Amino acid sequence: MSSSIALLLVQDGIINGAIYALLAVALVLVFAVTRVIFIPQGEFVTFGALTLTALEAGRFPASVWLLLCLGVTAFVLDLARGRTKRALIPIARRFAWDIAAPLALLVLALVLAPMKLGLAFNIAMTLALVVPMGPLIYRIAFEALAEASVLTLLITAVGVHLAMTGLGLAFFGPEGFRAGSFTSLSFALGPLFVTGQSLLVLAVAAILMLALSIFFGRSLIGKALIASAVSRRGARLVGIPEALSGKVAFLMAALIGTLSGLLIAPMVTIAYDTGFLIGLKGFVAAILAGLASYPFSVLAAIFVGILESFAAFYSSEFKDVVVFMVIIPFLLWRSLSGTHVEEEE
Amino acid sequence: MTTPILTAEDVSVAYGKVEAVRGVSLAIPQGQIVTLIGANGAGKTSLLNALMGLLPSAGRVSFRDEAMASVVAEERVARGLSLVSERRDLFATMTVEDNLELGGFRTAASARAAAMEDVFARFPRLRERRRQVAGTLSGGERQMLAMGRALVGRPRLLMLDEPSLGLAPRIVRDIFHIIKALMQTGVSILLVEQNARAAMQIADYAYVMELGEITVHGPAAELARDPKIIESYLGLGHHR
């Protein structure tokens, strides 16, 4: 292998790695706060990318239906479980957020999607449609399971993943889509060919990481999320509602997943089940970091990205096998070295 | 007698078939220190967790004239009920300052800064250590931080579970001084202690718990003269 090919592979790996890093950070975040191993993380990539491509083609984005269904379900469940106070104002407020807002988005999408209003509108609309699904899924599937074991939460997460993949197939069909590039910028840098889109991926990933570290280091709600992760009992004792931490964590995971989907939509052809594989690679990175450390997750994700691009170069049909195989020696080492994440009683 | 800030009627806590607390009733008068003493395993901690809403329980609990049955622990905190647990439950990886700030999670940002200043004034050691990570503090400092964190939330009733547990005698003395001083600021206190001698000295009223039930209660000064109490809880041979 010549050095210029190696350089090319590294470049490719770093760009994919940046996406895996974002997803890995989201997985670590959700796990730390709620103990949920968030398998559906990749579905947000799919839904983000496919909603964008639908809007770009002037088609009505079918993900609106899912948002509306989730909103109605969450509204009814919260009312039935007594989580919404049975008084006019709290019910009206929940109704506005859970049902009226998705309905408004539905009308907006019906009217505006055929007009092809351009990239900024498409991105804003995609975020507005997909990101709220995160907290809604938390309220429907996970909020009532706050005391459940990690295994129960994992099985629930797998269920959510299967449901979302199936719905993705129903909404978007089996074929894959690719979005147009956000920017036509490109230039040569020595032997490397650098596209504006790939720079955008790196820039957005870096900005998101920076924003996250400011959020966790400075804001009270960010500190409350860390606190919930460090000691659930301690967090309850200072009055941090478990459901609030859960909703915020899922909101952030959904935001990160959707943004990742937007970023890679012009670079990869995305079908209803593509996100899962991308999410799994983020998961590999998160596992390599012990589902605990954000900086290590980022490093591990870059490593996974580079490993994948070299594996693809040598043997493209084995590239996923190679990436998933690295978990095995690592898990062996973890289980032998005896540092486990203990389950709180 | 002043109106109680908290009353518990016929409260029971069960772990499966084992009843840790059986039909306990008690009242905590506004602005007083009430102590709950009893041997290890008497059910004191279970009772506190039930009062806080951390454990499901039968019976009625009311706090500031409001029934607590449907109020979850986090909301009880917002209403002014606070528990400093035996395990302290600090945020070990976060700094002293962040721990304290989170203690005021349910209070307005403007009030939080002033409350943190009050805590620093009361526990100067915490001010010295404010950039230190909570997990690296000594046992006494941890107890101070746990109390300080609760106080930033400006509780009306502070429930302290074994604040002297595992601390050197000199530090225990400091902690009890602080508890006494807190009462003078209008905070009501429920003090659970195995160190009955120290607890009875500062308490106005005392309950004795044995095998999940309240067996004796009365003004602390009276109980301190009761020969049976002296023999079981205050005797010279009683060491932890």
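Note that the structure is a prediction, hence the values are computed from the model and not measured. Per chain, numbering begins at 1; letters A, B, ... match sequence-line order.
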For this session: Start with the C-alpha distance between R236(A) and M52(B), add both sets of side-chain angles, then the distance that settles side chain to side chain contact (heavy atoms under 4.5 Å, CB included), and finish with yes or no.
Result: CA-CA 10 Å; R236(A) 298 192 69 190; M52(B) 193 65 227; over 6 Å; no
For this session: Give a yes or no on whether F216(A) atom CZ has more than 12 heavy-atom contacts from other residues, nucleotides or ligands under 6.0 Å away.
Result: yes
For this session: Give the member of V72(B), D98(B), V152(B) that has the highest number of heavy-atom pairs under 4.5 Å with chain A.
Result: D98(B)
Exercise. Around I89(A), counting heavy atoms of other residues, nucleotides and ligands shown, do more than 12 lie under 6.0 Å from its CD1?
Worked result: no
Seminar exercise, completed: Honestly, the part of R112(B) sitting under 4.5 Å from a heavy atom of chain A is side chain
Problem set entry | Main-chain N/O of D89(B) paired to R233(A) side chain as donor or acceptor, under 3.5 Å | no
Exercise. So, for P241(A) and R106(B), which heavy atoms are closest and what is the spacing to 0.1 Å?
Worked result: CG-NH1, 3.8 Å
For this session: Say whether, by atom type as modelled, one donor and one acceptor occur between the side chain of E74(B) and the main chain of E242(A) under 3.5 angstrom.
Result: yes
Exercise. Does CD1 in I221(A) sit with more than 12 non-hydrogen atoms of other residues, nucleotides or ligands closer than 6.0 Å?
Worked result: yes
Seminar exercise, completed: Of L54(B), L81(B), V84(B), L90(B), the largest count of non-hydrogen pairs under 4.5 angstrom with chain A goes to L54(B)
Exercise. Taking it one step at a time, do L237(A) and S82(B) satisfy side chain to side chain contact (heavy atoms under 4.5 Å, CB included)?
Worked result: CA-CA 7 Å; L237(A) 287 178; S82(B) 193; over 6 Å; no
Exercise. Heavy-atom count around R156(B) CZ within 6.0 Å, excluding the residue itself: above 12?
Worked result: no
Seminar exercise, completed: Scanning both residues in full, the closest heavy-atom pair of F105(B) with L244(A) reads CZ-CD2, 3.9 Å
For this session: Go through the steps to decide whether I240(A) and L102(B) satisfy the test side chain to side chain contact (heavy atoms under 4.5 Å, CB included), and finish with yes or no.
Result: CA-CA 9 Å; I240(A) 302 168; L102(B) 285 165; 4.2 Å; yes
Exercise. What part of A73(B) is in contact with chain A, defined as an atom under 4.5 angstrom from a non-hydrogen atom: side chain, backbone, both or neither?
Worked result: both
